[in-house]
Amino acid sequence: MDDIARTFFDFLYDQRVAIAIASAAAVVIAILVAWRRGWFAAARRHPGRTGVILAIALAVGAPLTWYLASPIWIRTSLVEAAPSAAPTIAPTPAPSVETPPSSEPSASPTETPTPSPTPFTPVTVASGEFYGTDEFHFGRGTASLIEVAPGRYHLRLEDFSVRNGPDLYVYLSTDADDYAEDALNLGLLKATDGSFGYDIPAGTDVTGFKSAIIWCKQFSHLFAVAPF
């Protein structure tokens, strides 16, 4: 059932231009039919009823049109600092114990220096270049999986740009070229352009992920992919 729904919404989104043209043509034909049948004269005779019908049509059509069409020309930009090593918690020193004074002379205690921990350096474990899925859905930039602390990872999108759309999310997918059912949702796409990132939940095994993708949840449509 999920595959059928995905195929259906994929078709709707891929054919949105043809559907828009067909819808406009249907509106023109409806206007001509209404004029030939005298519906406009009837509407003038019943202004209250006509106003209610137009209000309902606008209340449904205007938000839907804005939701589907506005992302085409709306762009957003965000630049975040590159990830650094995650902070480590310093060990708590043991409380000092006072020794009672002694009449016996004692040798001065020798303090053993505590070795300072070696700071962790972030390491890029996988990266790939984004590309769009067709001539309309472009994608550019780099996706990098970065280990910011032992066992803790961050996905960094660098010099990124993608075609905007409704309901876009960032995923890590186990498929190198597409969405997979066990893909990891990292959250809403923060911006259409820029450099920014997403913390990957602690304990996640990243070895099975083969790509970072930009996925439209509303229409089950792949916008861009970066194979690792």
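Position 1 is the first residue of the sequence, and the numbers go up from there.
- Here the closest non-hydrogen pair linking L222 and D178 is CD2-OD1, 3.7 Å.
- For the atom pair CG (L189) and OG1 (T76), the distance works out to 7.0 Å, reported to the nearest 0.5 Å.
- Between K217 atom NZ and N185 atom CG the span is 5.5 Å, to the nearest 0.5 Å.
- Environment of NZ in K190: crowded, with over 12 heavy atoms of neighbouring residues, nucleotides or ligands closer than 6.0 Å.
- Residues T124 and R156 bring no donor and acceptor atom of their side chains to less than 3.5 Å of each other.
- Between the CZ atom in F209 and the OG atom in S173 there is a gap of 8.5 Å [rounded to 0.5 Å].
- For residues 142-166, the ring pair (Phe, Tyr, Trp, His ring centres under 6.0 Å) pairs, not counting sequence neighbours, are F130-F160, F160-F196.
- Between P166 and C216, the shortest heavy-atom contact is O-SG, 3.0 Å.
- Rounding to the nearest 0.5 Å gives a distance of 10.5 Å between CG of L184 and CD1 of I213.
- For the atom pair CG (L186) and CG (L172), the distance works out to 4.5 Å, reported to the nearest 0.5 Å.
- To the nearest 0.5 Å, atom CH2 of residue W215 and atom CG of residue L168 are 11.5 Å apart.
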List the steps, then state whether side chain to side chain contact (heavy atoms under 4.5 Å, CB included) holds for R75 with N164.
-> CA-CA 7 Å; R75 308 292 300 174; N164 199 5; 4.2 Å; yes

